A.B. asks: 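Here's a structure for you.
We use all heavy atoms of the structure for the numbers below, so side chains are in, but hydrogens, waters and symmetry mates are not. If you're wondering where the values come from, they're calculated on a predicted model, not measured in any experiment.
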Amino acid sequence: MLTLGAFLGIRAEREEFPTLIYDRSDFQQHQYVYRHFAGPANLSEWRQQLGSIRAFLGDAFEWTVSQDDATHVRLHRHTPLPRRLAFEPSNFKPGNLFVGVDTISREPLQVPLEELTHVLLCGASGTGKSNALHVICQSVFANLDLFEQVYLVDGKEGVAFNRYRDTDPGKVKIIWEQSAFAALIDSLGATMDARNHAQRDAGVDNATEGFIAVIIDELAAFIEPPSNPADRAAHKALLVGLQKLARRGRSVGIRLIVTVQDPTEENLPTTVRSQLQSVLAFRLAIPQHVSAVFGDQAELPVKVRDLPVGRAIYQNKATGTTAVVQLPVIGRPS
């Protein structure tokens with residue numbers, strides 16, 4: 001532990017390596033505090049080195065780093081969760097959306113539906129995004145009494161949502177076609193306007209009941225411009241309606257949950273992405289994708305490009321919450 005700073009090449013302004021401080025460390029809890037004597041500690045530099053720290057100190061454990069104060073950083077050793085985490089019914093809690101198990105506290109991370117913002121779920125193919133989508137779907141279904149409608153929109157024209165076709169048909173509807181999606185966006189725009197008027201008359205800022213969930217698997221399929229010029233006006237109206245829902249829908253109880261593999265402008269307009277304040281990001285292989293989602297990555301707890309399958313960074317930009325979570329593997333509903 002004494003030579004860790006030198007091994008990593010982390011230096012302060014006067015080329016002095018950080019030093020392990022015994023009095024502030026807690027060896028029984030596996031917490032080790034290092035002091036930068038010659039200047040402030042650069043926490044992002046330590047975070048960028050977490051992979052090397054694990055290699056140097058042993059692969060059997062995981063390490064996180066936090067800042068005690070301007071000149072001190074704290075390394076904390078954790079026993080890792082299993083790579084394949086079994087789903088537990090207790091993961092779902094009434095009135096909350098379950099977004100994974102916190103890899104540090106090992107507790108389910110729950111987001112109250114009243115506080116939930118629109119959600120972006122992104123990640124490269126094969127990183128666990130599809131499993132996470134089904135976890136979120138079933139978390140919503142566990143709270144169907146709080147939802148007026150749930151729309152499952154499949155941009156892949158696949159069968160992923162077929163497993164839910166018998167889930168409360170009065171509330172849960174599955175959509176595949178572009179025309180049906182456009183009609184839904186138009187209808188939700190009218191619903192939003194009506195709810196806005198009702199809330200204004202009642203002096204209510206935000207809806208606390210009667211939620212509407214719109215879960216879109218691969219939004220890029222609906223964003224791509226049509227090849228037929230005759231369809232372009234309708235496509236433009238769809239984009240305008242989607243942007244309107246993203247900006248104003250949350251206050252009237254509409255929650256967008258959007259998945260994309262490539263979160264750049266061509267597949268996810270900035271006007272929509274900026275309103276998806278809750279992010280569940282699995283491994284993103286391309287630097288431009290990471291930048292599009294997080295912008296400045298210095299404060300992220302781990303490198304997004306290094307996340308193992310099944311793990312994601314959860315970030316709520318509205319509350320400032322950031323955590324590394326692992327999604328349990330969930331099967332078909334019984």
A.B. asks: Look at R195 together with E148 and state whether they make a salt bridge at an N to O cut-off of under 4.0 Å.
C.D. replies: yes

A.B. asks: Counting neighbours of NZ on K173 that are heavy atoms of other residues, nucleotides or ligands and sit closer than 6.0 Å, is the number greater than 12?
C.D. replies: no

A.B. asks: Quick check: do V325 and V101 have side-chain heavy atoms less than 4.5 Å from each other?
C.D. replies: no

A.B. asks: Do D205 and R200 meet the salt-bridge criterion of a basic N to acidic O distance under 4.0 Å?
C.D. replies: no

A.B. asks: Please list, chain by chain and in numerical order, all residues satisfying side-chain hydrogen bond (donor to acceptor under 3.5 Å, both in side chains) with R255, sequence neighbours excluded.
C.D. replies: none

A.B. asks: Would you say the side-chain atoms of Q31 and R74 include a donor-acceptor pair closer than 3.5 Å?
C.D. replies: yes

A.B. asks: Hey, are the side chains of I223 and P269 touching, using non-hydrogen atoms and a 4.5 Å cut-off?
C.D. replies: yes

A.B. asks: Output the distance between atom CD (Q138) and atom CG (N143), rounded to the nearest 0.5 Å.
C.D. replies: 12.5 Å

A.B. asks: Scan D262, N267, T264 and name whichever one has a side chain to side chain donor-acceptor pair (under 3.5 Å) with H289.
C.D. replies: D262

A.B. asks: Can we call the ring centroids of F92 and F141 under 6.0 Å apart?
C.D. replies: no

A.B. asks: Under a 4.5 Å cut-off applied to non-hydrogen side-chain atoms, are V260 and E218 in contact?
C.D. replies: yes

A.B. asks: Could you check whether E265 and T270, counting side-chain N and O atoms only, form a donor-acceptor pair closer than 3.5 Å?
C.D. replies: yes

A.B. asks: Decide whether L268 and I216 are clustered together by the hydrophobic rule: side chain heavy atoms of Ile, Leu, Val, Met, Phe, Trp, Tyr closer than 4.5 Å, transitively.
C.D. replies: yes

A.B. asks: Between Y22 and F27, does the ring centre distance come in under 6.0 Å?
C.D. replies: yes

A.B. asks: When you look at D217 and T259, which way does the side chain to side chain donor-acceptor pair (under 3.5 Å) test go after all the steps?
C.D. replies: CA-CA 5 Å; D217 189 13; T259 78; 2.9 Å; yes

A.B. asks: T271: which residues meet the side-chain hydrogen bond (donor to acceptor under 3.5 Å, both in side chains) condition with it, sequence neighbours left out?
C.D. replies: Q243

A.B. asks: Using 4.0 Å as the upper bound for N to carboxylate O, is an ion pair formed by K244 and D193?
C.D. replies: yes

A.B. asks: Would a 4.5 Å heavy-atom cut-off, applied to side chains only, mark V329 and N131 as touching?
C.D. replies: yes

A.B. asks: Could you check R247 against Q275 for side chain to side chain donor-acceptor pair (under 3.5 Å), going step by step and ending with a plain yes or no?
C.D. replies: CA-CA 6 Å; R247 288 196 310 270; Q275 300 300 322; over 6 Å; no

A.B. asks: Minimum heavy-atom separation for L307 to A281, with atom names?
C.D. replies: CD1-O, 3.5 Å

A.B. asks: Treating Ile, Leu, Val, Met, Phe, Trp and Tyr as nodes and any side-chain heavy-atom pair under 4.5 angstrom as an edge, say whether L43 and V302 lie in one connected cluster.
C.D. replies: yes

A.B. asks: Please report the C-alpha distance between W46 and W63 in whole Å, then the side-chain angles of each, then the deciding distance to 0.1 Å, and finally whether the side chain to side chain contact (heavy atoms under 4.5 Å, CB included) criterion is met.
C.D. replies: CA-CA 11 Å; W46 280 89; W63 298 83; over 6 Å; no

A.B. asks: Can you tell me if CZ on R84 sees more than 12 non-hydrogen neighbours from other groups inside 6.0 Å?
C.D. replies: no

A.B. asks: Are V309 and F282 joined in one hydrophobic group, where the rule is that I, L, V, M, F, W and Y side chains link up if heavy atoms are under 4.5 Å apart?
C.D. replies: no

A.B. asks: Nearest 0.5 Å please: distance from the OG1 atom of T103 over to the NE2 atom of H78.
C.D. replies: 7.5 Å

A.B. asks: Please examine the side chains of L121 and K129, heavy atoms only from C-beta on, and report whether any two atoms are closer than 4.5 Å.
C.D. replies: yes

A.B. asks: Is it possible for you to say whether L75 and L20 belong to one hydrophobic cluster, with membership spreading through side-chain heavy-atom contacts below 4.5 Å?
C.D. replies: yes

A.B. asks: Would S66 and H76 count as having a side-chain donor-acceptor pair, cut-off 3.5 Å?
C.D. replies: no

A.B. asks: As an exercise, state the distance from CG of L152 to CG of D154, rounded to the nearest 0.5 Å.
C.D. replies: 9.0 Å

A.B. asks: Show the numbers, then the answer: is there a side chain to side chain contact (heavy atoms under 4.5 Å, CB included) between F211 and Q149?
C.D. replies: CA-CA 7 Å; F211 297 113; Q149 291 288 325; over 6 Å; no

A.B. asks: Going through the checks in order, is the side chain to side chain contact (heavy atoms under 4.5 Å, CB included) test met by Y151 and L184?
C.D. replies: CA-CA 9 Å; Y151 297 97; L184 171 63; 3.6 Å; yes

A.B. asks: State, yes or no, whether a side-chain contact exists between P328 and N91 at a heavy-atom distance under 4.5 Å.
C.D. replies: yes

A.B. asks: Below 4.0 angstrom, N of the basic side chain to O of the carboxylate: do R24 and D69 qualify?
C.D. replies: yes

A.B. asks: Any heavy-atom pair between the side chains of S125 and Q261 that's under 4.5 Å?
C.D. replies: yes

A.B. asks: Transitively linked via ILVMFWY side-chain contacts under 4.5 Å: I104 with L300?
C.D. replies: no

A.B. asks: Knowing that exactly one of I313, L284, V304 qualifies, which makes a side-chain contact (heavy atoms from CB on, under 4.5 Å) with V293?
C.D. replies: L284

A.B. asks: Quick one: are L242 and F222 in side-chain contact, heavy atoms under 4.5 Å?
C.D. replies: no

A.B. asks: Carefully, step by step, assess V150 and K171 under the rule side chain to side chain contact (heavy atoms under 4.5 Å, CB included).
C.D. replies: CA-CA 6 Å; V150 176; K171 282 190 177 182; 5.6 Å; no

A.B. asks: Measure the CD-OG1 distance between Q315 and T322 for me, rounded to the nearest 0.5 Å.
C.D. replies: 4.0 Å

A.B. asks: Holding to side-chain hydrogen bond (donor to acceptor under 3.5 Å, both in side chains), I want the full list of residues that pass it with T117, two or more places apart in sequence or in another chain.
C.D. replies: S278

A.B. asks: Give me the ring orientation class for Y164 and H134: parallel if the planes are under 30° apart, tilted from 30 to 60°, perpendicular past 60°.
C.D. replies: tilted

